[in-house]
Amino acid sequence: MAVWRKLWCRNLLALSLLLYVLLHSMDVNARPANMSASKEKAPASKDENEILPPDHLNGVKMERDGHLNKDFHQEVFLGKEIEEFDEDSEPRRNRKKLIDIFTKVDINKDRSVSAKEMQRWIMEKTEEHFQEAVKENKNSFRAVDPDGDGLVTWDEYRVKFLASKGFNEREIAEKIKKNEDLKLDEETQEVLESLKDRWFQADNPPADQVLNEDEFLSFLHPEHSRGMLKYMVKEIVRDLDQDSDKKLSLSEFISLPVGTVENQQALEVEDEWVQERKKEFEEVIDSNRDGFVTLEELEEYMDPMNEHNALNEARQMIAVADENQNHNLELDEILKYSEYFTGSKLMDYARNVHEEF
């Protein structure tokens, strides 16, 4: 009897495992009954995301939505090496990288970095971001120009954009060709209209709604074109300008929502954010100190290749770490304030500084 009980238990266990496997396989292969055939909800790939104008522009002081670029100092100090300074990186290795950067900035080798030396370095690192954008643009343009004729129409781009949002590329292309209603949701339609405005702005005269590779670069990266930079500034002012006088007061500038912060530190975070914007408005952007920021002032502030801005930025960066108040930056100072310059905090910053240098 005991033998039969054992056999029964083993068979029951085997049957249970078989049923589990069968049910699991059915769940994996199952599809919702109402899944749309025209919209494939696959995650957007890196290549698909590259055809959309980025919200963040490296080396530009302000984001497209009007928020301050919190990584600006690191971007203009590290250039394309910014990715190498990771919080998880070994501190000693990061310290060696920072020492190497210091020696490159210090052109006259007097073991001290002046504002002029830092200005030159900032301009050089900003140019690195520019060249990186040009390089990335080649791949992005190739993605929207499959026939390789060097030109992309608005309709061709529209097809690629909607495909990146999960729509069936062939079906969308056919509907556009037949001028049929695409039946887009409200959010997608709004984004598409905004992209269309930018597309037309990037289209140099004579306007033909067709972009070449250089124009497409301006479409993705407005900092590469004076005309597109002006357009981006107008968009920011338009979104913040509550009384429609085409300039920004301090109250309008700090009215931009900080974002959703749902914890007990929300008040402190918001207050710090407001103070940061207030300081930037009063001390940097409002150049004539009249209490208002004009389109021209904001454009000058956001121009990444403005040498005057680069010099002011150099002086500001030095002032943060200039403990001996000599208006220059020494190696021990830059190591001590590494978090400001690189976003990565170095432990035992002063250890063996002179030996390593």
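When a residue number appears, it is its place in the shown sequence, counting from 1. Note that this is a predicted model, so its numbers are computed, not measured.
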Engineer: For the residue pair Glu117 and Ser112, what are the closest heavy atoms and their distance?
Structural biologist: OE1-O, 3.1 Å

Engineer: Do you know which two heavy atoms are closest between Leu57 and Glu63, and how far apart they sit?
Structural biologist: N-OE1, 4.0 Å

Engineer: Could you tell me if Asn69 and Glu75 have a donor-acceptor pair between their side chains, going purely by distance under 3.5 Å?
Structural biologist: yes

Engineer: Whether the side chain of Asp241 engages the backbone of Lys246 through a donor-acceptor N/O pair (distance < 3.5 Å, no angle test) should be reported.
Structural biologist: yes

Engineer: Would Phe292 and Asp286 satisfy side-chain contact (heavy atoms from CB on, under 4.5 Å), going step by step from the backbone distance to the final call?
Structural biologist: CA-CA 6 Å; Phe292 293 94; Asp286 181 17; 5.7 Å; no

Engineer: How long is the gap from CE on Met228 to NZ on Lys230, to the nearest 0.5 Å?
Structural biologist: 13.0 Å

Engineer: Can Glu276 and Lys70 be counted as an ion pair, charged N to O under 4.0 angstrom?
Structural biologist: no

Engineer: Does the plane of the ring in Tyr157 sit parallel, tilted or perpendicular to the ring in Phe219? Use 30° and 60° as the thresholds.
Structural biologist: perpendicular

Engineer: Less than 4.5 Å apart, side chain to side chain, heavy atoms only: is that true for Leu68 and Glu280?
Structural biologist: yes

Engineer: May I ask you to say whether Lys336 pairs ionically with Glu323, meaning some side-chain N is under 4.0 Å from a carboxylate O?
Structural biologist: yes

Engineer: Checking Arg111 side chain against Leu331 main chain: does a donor-acceptor pair fall under 3.5 Å?
Structural biologist: no

Engineer: Would you sort out whether Asp185 and Thr188 count as a side chain to side chain donor-acceptor pair (under 3.5 Å), showing the intermediate values?
Structural biologist: CA-CA 6 Å; Asp185 59 86; Thr188 302; 2.8 Å; yes

Engineer: Side chains of Glu300 and Ser287: is there a donor and an acceptor less than 3.5 Å apart?
Structural biologist: no

Engineer: Quick check: do Lys97 and Arg93 have side-chain heavy atoms less than 4.5 Å from each other?
Structural biologist: yes

Engineer: Just do the side-chain contact (heavy atoms from CB on, under 4.5 Å) check on Glu81 and Ile101 with the steps written out, would you?
Structural biologist: CA-CA 10 Å; Glu81 295 176 349; Ile101 290 174; 3.8 Å; yes

Engineer: Check the pair His73, Phe341 against ring pair (Phe, Tyr, Trp, His ring centres under 6.0 Å), reporting the backbone distance first and the verdict last.
Structural biologist: CA-CA 6 Å; His73 302 303; Phe341 291 99; 8.4 Å; no

Engineer: Checking Asn58 against His56: is there a side-chain donor and acceptor pair closer than 3.5 Å?
Structural biologist: yes

Engineer: Could you go through the side-chain contact (heavy atoms from CB on, under 4.5 Å) check for Ile176 and Val159 one step at a time?
Structural biologist: CA-CA 8 Å; Ile176 289 177; Val159 169; 3.7 Å; yes

Engineer: Look up atom NE2 in His224 and atom CE in Met305, then write down how far apart they are to the nearest 0.5 Å.
Structural biologist: 9.5 Å

Engineer: Output, in order, the C-alpha distance, side-chain angles, deciding distance and verdict of side chain to side chain donor-acceptor pair (under 3.5 Å) for Gln242 and Ser255.
Structural biologist: CA-CA 10 Å; Gln242 298 172 4; Ser255 67; 3.1 Å; yes

Engineer: Strictly below 4.0 Å, N to O, side chains only: are Glu171 and Lys175 in salt-bridge contact?
Structural biologist: no

Engineer: For the residue pair Phe161 and Leu192, what are the closest heavy atoms and their distance?
Structural biologist: CD2-CD1, 3.3 Å

Engineer: Under a 4.5 Å side-chain heavy-atom rule over Ile, Leu, Val, Met, Phe, Trp and Tyr, are Val274 and Ile285 clustered together?
Structural biologist: yes

Engineer: Tell me whether Glu186 at atom CD has more than 12 heavy atoms from other residues, nucleotides or ligands lying less than 6.0 Å away.
Structural biologist: no

Engineer: Under 4.5 Å between any side-chain heavy atoms of Glu333 and Ile318, yes or no?
Structural biologist: no

Engineer: Please round to the nearest 0.5 Å and tell me the distance separating atom CD of Glu193 and atom CG of Leu184.
Structural biologist: 9.5 Å

Engineer: Is the backbone N or O of Phe77 less than 3.5 Å from a side-chain atom of Trp121, with the two atoms forming a donor-acceptor pair by type?
Structural biologist: yes

Engineer: Any idea which heavy atoms bring Phe72 and Gly59 closest together, and the distance?
Structural biologist: CE1-O, 3.3 Å

Engineer: Working to the nearest 0.5 Å, report the span between CG of Asn328 and CE of Met118.
Structural biologist: 10.0 Å

Engineer: Spell out, as yes or no, whether a donor-acceptor pair under 3.5 Å connects the side chain of Glu252 to the backbone of Ser249.
Structural biologist: yes

Engineer: Indicate yes or no for a side-chain donor-acceptor contact from Arg315 to the backbone of His327 under 3.5 Å, with no hydrogens or angles considered.
Structural biologist: no

Engineer: Would you say the side chain of Ile122 lies within less than 4.5 Å of the side chain of Met317, judging by non-hydrogen atoms?
Structural biologist: yes

Engineer: When the ring planes of Phe216 and Trp199 are compared, do they come out parallel, tilted or perpendicular, using 30° and 60° as the limits?
Structural biologist: perpendicular

Engineer: May I ask you to decide whether Arg226 forms a salt bridge with Glu299, counting only side-chain N to carboxylate O separations under 4.0 Å?
Structural biologist: yes

Engineer: Which pairs count as salt bridge (Lys or Arg N to Asp or Glu O under 4.0 Å) when at least one residue sits in residues 210-221, sequence neighbours excluded?
Structural biologist: Lys138-Glu213

Engineer: Run the side chain to side chain donor-acceptor pair (under 3.5 Å) check on Glu313 and His308 step by step: do they pass?
Structural biologist: CA-CA 9 Å; Glu313 185 63 28; His308 178 68; over 6 Å; no

Engineer: Under a 3.5 Å distance rule, please check whether Arg64 uses its side chain to pair with a backbone N or O of Pro54 as donor and acceptor.
Structural biologist: yes

Engineer: Any side-chain heavy-atom pair from Leu298 and Val237 closer than 4.5 angstrom?
Structural biologist: yes

Engineer: What I want to find out is whether Arg170 reaches Glu174 closely enough, with some N-O distance under 4.0 Å, to be called a salt bridge.
Structural biologist: no

Engineer: Taking atom NZ of Lys135 as the centre, does the number of heavy atoms from other residues, nucleotides or ligands within less than 6.0 Å exceed 12?
Structural biologist: no

Engineer: Is the shortest side-chain heavy-atom distance between Ser338 and Asn94 below 4.5 Å?
Structural biologist: no

Engineer: Mind listing the closest non-hydrogen atom pair of Gln325 and Asp322 along with its distance?
Structural biologist: NE2-O, 2.8 Å

Engineer: Using a 3.5 Å distance criterion without hydrogens, assess whether the side chain of Glu297 forms a donor-acceptor pair with backbone atoms of Thr294.
Structural biologist: yes

Engineer: Compare all side-chain heavy atoms of Asp208 with those of Thr153 and state whether any distance is below 4.5 angstrom.
Structural biologist: no

Engineer: Which atom pair, heavy atoms only, marks the closest approach of Val144 to Val152?
Structural biologist: O-CG2, 3.6 Å

Engineer: Using a cut-off of 6.0 Å, state whether more than 12 heavy atoms not belonging to Glu307 lie near its atom CD.
Structural biologist: no

Engineer: Taking side chain as C-beta onward, heavy atoms only, is Ile254 less than 4.5 Å from Phe281?
Structural biologist: no

Engineer: Go through the steps for Gln74 and Tyr340 under the test side chain to side chain donor-acceptor pair (under 3.5 Å), then give the verdict.
Structural biologist: CA-CA 7 Å; Gln74 290 94 331; Tyr340 174 80; over 6 Å; no

Engineer: One thing to verify: whether Lys160 and Glu156 come together as a salt bridge, which I'm taking to mean a side-chain N less than 4.0 angstrom from a carboxylate O.
Structural biologist: no

Engineer: With sequence neighbours left out, write down each residue that passes side-chain contact (heavy atoms from CB on, under 4.5 Å) with Glu128, or none if nothing qualifies.
Structural biologist: Lys80, Lys125

Engineer: Is a side-chain donor or acceptor of Thr103 paired with a backbone partner of Asp100 at a separation under 3.5 angstrom?
Structural biologist: yes

Engineer: Start with the C-alpha gap between Glu223 and Val60, add the side-chain angles, then the distance that decides, and say whether side-chain contact (heavy atoms from CB on, under 4.5 Å) holds.
Structural biologist: CA-CA 8 Å; Glu223 74 274 22; Val60 179; 3.9 Å; yes

Engineer: Please list, chain by chain and in numerical order, all residues satisfying side-chain contact (heavy atoms from CB on, under 4.5 Å) with Glu235, sequence neighbours excluded.
Structural biologist: Ser194, Arg198, Tyr231, Arg238

Engineer: Look at Asp155 together with Arg158 and state whether they make a salt bridge at an N to O cut-off of under 4.0 Å.
Structural biologist: yes

